[in-house]
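Take a look at the structure set out below.
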Amino acid sequence: MNIGIVCYPTYGGSGVVATELAKGLANRGHNLHILSYARPARLDSLRTDITFHEVDLSSYPLFEYPPYELALANKMVDLIKYAKLDILHVHYAIPHATSAYLARQIVNSDSCKVPVITTLHGTDITLVGSNPTYKQIVEFSINQSDGVTAVSDYLKEETYKLFDIDKEIKVIPNFIDLERFKRSKKEHFKKAICPNDEKVVVHVSNFREVKRVTDVIEAFDQILKNDVPAKLLMVGDGPDRAKAEQKCRDLKMCEHVRFLGKQEQVEEVLSIADLFMIPSGSETFGLAALEAMSCSVPVISSDVGGLPEVNIHNETGCVCKLADVKCMGRCATKILKDEKLHKKMAKAARKRAEVFEVDKIVSIYEEYYLEIKAGM
Ligand code: GMT
């Protein structure tokens, strides 16, 4: 099939899932076209079966805000017509599903129909999409899609709750490359970070408010107070980094915390981790938790959104109430102090990650494409 995939290019979340899906589909012999305003971070290798199309925004003195959704729709029309797309799959509803609707209206008049599939990822529903500024157009665009998927049961239910949706939403979870995300020996790195063989706790995110990075610092402080020699590695960057740094200063424990900034090879950091922390205030799936679990790292998470669908309480780690840093610190201490329990949870985490193995999930998308195409 000729498949068009539309996504945001940024680190983390929907852009990663879209790009990895494109690679998985290309590996099965499909022709992939990726549309975005910049090359996605994970589209790193040179391949002939994946073509990247940059949506360019011509500036004009009248436009304070150049209309990206129009430029995108125009590019979609081009691809539908000339690359003869069989499927147009957009990731993140805003504005991608709306541009797809527009593009399809244009090409349908030329009698070349293409099914549009929208994958809902999270904030396009829970935060931004349900905001009155966008709600009506998001609802309309989802309903106009030929197929709709969500990354967790939680997100599916939330979408039905927040919008008037007349479509069946299919849950297709996020996935993981078990070969890339596996534990490897990184002894030099471990020695450099932990000269006295301290335990390693890792957090990875884009440091937005929703990630609650100061909760990570507070929960980690509990671990130190419980006499576990440990280091905290904060991976990523974003608006709340300064707050997190300030929290370390306030708690006088900065020497135990390292801010590593954005890292491309997260699996290398996860390879020396003993625990992963994700105390988010909203998380429809928690791909970062799955990446950690795949590297055999038990997870301490909050109980919001889709996180409990990924991280199983008392099996692959702990699920604590939102903002309950005492619970997170207590549970982390228990796991770090008990080698047998840690080993059991690390094994269970990897086993749980296997449920989301990339090939299995790519097959589900492939079948879904065929089903939607057949129904047109
Ligand atoms: O979490 C982010 O900051 C990025 C965001 C996105 O849409 O790009 O991630 C969302 O989609 C991911 C992939 O499906 C999910 O794993 C994340 O849980 C979800 N983030 C939130 O719901 C906050």
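As the structure lists them, so they are numbered: ligands from 1, and atoms in each ligand from 1. Everything numeric in this text was worked out from a predicted model, so none of it was measured. For the single chain, residues carry numbers from 1 onward in sequence order.
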>> Please list, in number order, the atoms of ligand 1 under 4.0 Å from a heavy atom of Lys211.
In response: 1 (O), 2 (C), 3 (O)

>> Is it the case that the ring center of His33 lies less than 6.0 angstrom away from the ring center of His53?
In response: yes

> Does an N or O anywhere in Leu287 fall below 3.5 Å from an N or O of ligand 1?
Replying inline: yes

> Against heavy atoms of Asn206, which atoms of ligand 1 measure under 4.0 Å?
Replying inline: 2 (C), 3 (O)

> For ligand 1, is there an N or O atom under 3.5 Å from any N or O atom of Gly13?
Replying inline: no

> In this structure, which one of Ile87, Val114, Leu88, Ile372 forms a side-chain contact (heavy atoms from CB on, under 4.5 Å) with Asp146?
Replying inline: Ile372

> Salt bridge between Lys334 and Asp338, side-chain N to carboxylate O under 4.0 Å?
Replying inline: no

> atom 23 (C) of ligand 1: which of Ser282, Gly122, Gly238 has the nearest heavy atom?
Replying inline: Ser282

>> Pairs of nitrogen or oxygen atoms closer than 3.5 Å, one from Asn174 and one from ligand 1: do any exist?
In response: yes

> Hey, are Lys326 and Asp324 close enough for a salt bridge, meaning a charged N less than 4.0 Å from a carboxylate O?
Replying inline: no

>> Is a donor from one side chain sitting under 3.5 angstrom from an acceptor on the other, for His203 and Ser205?
In response: yes

>> For ligand 1, which is the ligand I care about here, please tell me if Thr284 has any N or O atom under 3.5 Å from one of the ligand's N or O atoms.
In response: yes

> Taking both backbone and side-chain atoms of Gly286, is any N or O found less than 3.5 Å from an N or O belonging to ligand 1?
Replying inline: yes

> So between His91, Glu291, Glu158, Glu283, whose heavy atom ends up nearest atom 18 (O) of ligand 1?
Replying inline: Glu283

>> As an exercise, identify every atom of ligand 1 less than 4.0 angstrom from a heavy atom of Val151.
In response: 14 (O)

>> Which residues pass the side chain to side chain donor-acceptor pair (under 3.5 Å) test with Ser302, not counting sequence neighbours?
In response: none

> Using a heavy-atom cut-off of under 4.0 Å, does the side chain or the backbone of Tyr8 touch ligand 1, or both, or neither?
Replying inline: neither

>> Could you tell me, atom by atom, which parts of ligand 1 come under 4.0 Å of a heavy atom of Tyr92?
In response: 7 (O)

> Partners of Cys331 by disulfide (SG to SG under 2.5 Å), sequence neighbours excluded?
Replying inline: Cys318

>> Can you confirm whether more than 12 heavy atoms, excluding those of Gln136, are under 6.0 Å from its CD atom?
In response: no

